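Protein chains get the first letters and strands the later ones, always in sequence-line order, with residue 1 at the start of each. What you see is a predicted model, and the numbers here were worked out from it, not measured in a lab.
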Number of protein chains: 2
Amino acid sequence: MEKRATIKDVAEAAGVGVATVSRVLSGGSASPRTRERVLAVAAQLDYRPSALGRNLRQRRTGGMGLLVPDLTDTFYAQFAEGVLACARSAGEPVVLGSTGGDPEQEAELIGMLLEQSVDRLIAVPSGDEDTWAPAVRAGMTVVFADRLPARPFSEDDDPAATAVNDLMLLDGLAAPPPAAHRPPELPSVLADDRAGIRTAVRYLRGLGHRRIAFLGGPGHDRRVAAFREAVGAPVDEELVVFGTGSRDSAYAAASGLFQSRPDLSAVVAGGNVLGEAAVLAARELDLRVPRDVSLVMYDDVPWAELCSPPLTVIAQPGRDMGYRAAELVLRSGGRRARSVVLPTELIIRGSCGPHR
Amino acid sequence: MEKRATIKDVAEAAGVGVATVSRVLSGGSASPRTRERVLAVAAQLDYRPSALGRNLRQRRTGGMGLLVPDLTDTFYAQFAEGVLACARSAGEPVVLGSTGGDPEQEAELIGMLLEQSVDRLIAVPSGDEDTWAPAVRAGMTVVFADRLPARPFSEDDDPAATAVNDLMLLDGLAAPPPAAHRPPELPSVLADDRAGIRTAVRYLRGLGHRRIAFLGGPGHDRRVAAFREAVGAPVDEELVVFGTGSRDSAYAAASGLFQSRPDLSAVVAGGNVLGEAAVLAARELDLRVPRDVSLVMYDDVPWAELCSPPLTVIAQPGRDMGYRAAELVLRSGGRRARSVVLPTELIIRGSCGPHR
DNA sequence: GTGAAAGCGCTAACAT
DNA sequence: ATGTTAGCGCTTTCAC
């Protein structure tokens, strides 16, 4: 455990001032002669600038924070891989936190990042806007991905309007009229949920299905809204059920749905954990896929192909989304970044059949 | 974006010196009166000590680094969740890196962590001991998990002896005789691969299987060694094949195996990515599981139950391993931590049948 | 083009 | 018990 060389060591060994070393290393002005000498000495001493000193001086830690609900949800793992890939190529560290979908843990993690002076953050949010207020107030550059924080319950506008606005936002038709007292929307990276769900529902309807259920989880508001829209007026509310995010509750929701409404003929799972639950619950109840029930799952994950039959899915580019989010949060040098919406794709495999 | 209060602000507002504030906040000695006042003022100013100052002063960043090959490998995701859970309860940040199983990327990430002065590191290593030398020399506390770094090719002892030593180490029978010039083993958290593989092989043999193949990946040396041992003398070398870590190469390996040796009746996949590949390849070649070929997969992952039939697996406690690794790396206050080996469990589901 | 010097926010001697 | 002070390694004016 030898002590590392500091900038001062390099300066002395090169016979220059520390300022010069700093300049050379960060591409500032210096005569070719000095530059070369400094570089040589630095290499010879195996000098690596300490991020500690720089961070304190600049009062900010480099790199970025990354908050996801659960890494064992394969979609978030793909997303994280995308973020890491971008960060790696930029040489920036990523501080990771897993929130378990719990706003309180999320708030704690935000606090931890604040304490570390991490001022760039990518998040798949679990808490509502109130949870995120501290981060924004502290001047963090926040990029949301996969979904946006819910509006706090106390807000004065009605949910219906919110859903409509979100949908319009997605299609890029219009920005939601920003109420004067609301902060401007933060940049985000979303999949085009509306189109994805719509395509899936149309596909199912084309196969003759009329009683289509939606199995959702936390943060799937935009997806449900799109589902309602695609299915068209009066939606059978019993066919829209939610889990709380855990695998257990997803299973319970799926199982309950199948048992309470044996007349349904197709289900759209709002995420891969819910799709997993649906397959399990169906098997447990001796429902054959797709003979007895057709299934479309949001998220394409490697194991979707392993099922028998392989699962028809709405694929969203998880890795790309992560990469883009990291680009946004890095590039936005103070400027407010533009949001991006990436396309989804319906991948037809074997889990949907004609209604019978 | 208001500027945060510093320790100096608190000191002034409370009418004390900065040292007193520091002491109070880190549980040092102080009169109840002062303590209370300082605490009150700190709360009132919403003071949060900056990790930046502390880190520079102590010449080390708190928290820990975490290096895994690939988060979309569900086992590593589970492992990471364990690490994060422990870190969260300790309020420590985790800097994550994904190496893609590539020693070069691993080395770069180690360099990045060194630059950040992160001095605690948990890793599922991809590079050999040479790759890890810089980290160790720099005085990092490193805990390996899931596997140990391979010995560099230049080493003077033969592979057979290495394998034997590793096995003995696993069973706790004896420490491998440390060559005088070799550094002492670093602490690690491993699953009891030997017992896990042995149990699986015995189970398959009990079902009448004689031509059992092993489908391995990088870092599976201990598992192969255990496989060879469990199968017994002269192992049919064609039945031991390897992928390089990617899903594609795993698939190629599995497919090649099935095609070149149609006489095999069972396969042990050394990890979940390989198990996935085996299922895919078998289906593609119209091999029925378990009628035509029995399959045991290392790693229990949620989707193992989704397959038809559900996969029989050797479960290792991924999450626990992560938690334990984090405990080790945090607790070891300079002292060299003891390694831990956790038990595996054969979970019999439906992917193995009698030989026919 | 280059160097000297002033901190960034904190902790740990040391002094009182 | 508490205040004063000296840096930790770096970047960035500001003189020269």
> Quick one: are D128(B) and T131(B) in side-chain contact, heavy atoms under 4.5 Å?
Replying inline: yes
Can you see if the side chain of [X] gets near the phosphate of [N] - specifically, an N or O under 4.0 Å from OP1 or OP2?
X: T34(B); N: dA1(D); value: no
X: S31(A); N: dG1(C); value: no
X: R54(B); N: dG9(C); value: no

With a non-hydrogen cut-off below 4.0 angstrom, is [X] in contact with a base, only sugar-phosphate, or nothing?
X: L52(A); result: nothing
X: G53(B); result: base
X: G15(A); result: sugar-phosphate
X: S22(A); result: base
X: S26(A); result: nothing
X: A19(B); result: base

Can you figure out which of [options] approaches the side chain of [X] most closely?
X: Y47(A); options: dC10(D), dG1(C), dG9(D); answer: dC10(D)
X: R57(B); options: dG3(D), dC10(C), dC8(C); answer: dC10(C)
X: Q58(B); options: dT11(C), dG3(D), dT2(C); answer: dT11(C)

Using atom [atom1] of [X] as one end and atom [atom2] of [N] as the other, report the distance to the nearest whole Å.
X: R33(A); N: dT2(C); atom1: CZ; atom2: C1'; result: 13 Å
X: L25(B); N: dC10(C); atom1: CG; atom2: P; result: 9 Å
X: I7(B); N: dA12(C); atom1: CD1; atom2: P; result: 11 Å
X: E36(A); N: dG1(C); atom1: CD; atom2: P; result: 17 Å
X: D9(B); N: dC10(C); atom1: CG; atom2: P; result: 9 Å
X: K8(B); N: dT4(D); atom1: NZ; atom2: C1'; result: 13 Å
X: N55(B); N: dC10(D); atom1: CG; atom2: C1'; result: 14 Å
X: R59(A); N: dT12(D); atom1: CZ; atom2: P; result: 12 Å

> Considering only heavy atoms and no angle criterion, is a donor-acceptor pair shorter than 3.5 Å present between the side chain of R23(A) and the base of dG3(C)?
Replying inline: yes
>> Applying side chain to side chain donor-acceptor pair (under 3.5 Å) to S98(A) and E81(B), what does each step give before you reach the verdict?
In response: CA-CA 7 Å; S98(A) 170; E81(B) 279 287 336; 2.7 Å; yes
> Under the criterion side-chain contact (heavy atoms from CB on, under 4.5 Å), which of L121(A), T61(A), D119(A) is the partner of L113(A)?
Replying inline: L121(A)
> Who passes ring pair (Phe, Tyr, Trp, His ring centres under 6.0 Å) against F144(A), sequence neighbours left out?
Replying inline: W132(A)
>> side-chain contact (heavy atoms from CB on, under 4.5 Å), that's the test. Do M64(A) and V95(A) meet it? Break it down for me.
In response: CA-CA 6 Å; M64(A) 64 194 87; V95(A) 179; over 6 Å; no
> Any side-chain donor paired with an acceptor under 3.5 Å for T99(A) and Q105(A)?
Replying inline: no
> Between L56(B) and T20(A), which is nearer to the 5' end of DNA chain C once each is assigned its nearest nucleotide?
Replying inline: T20(A)
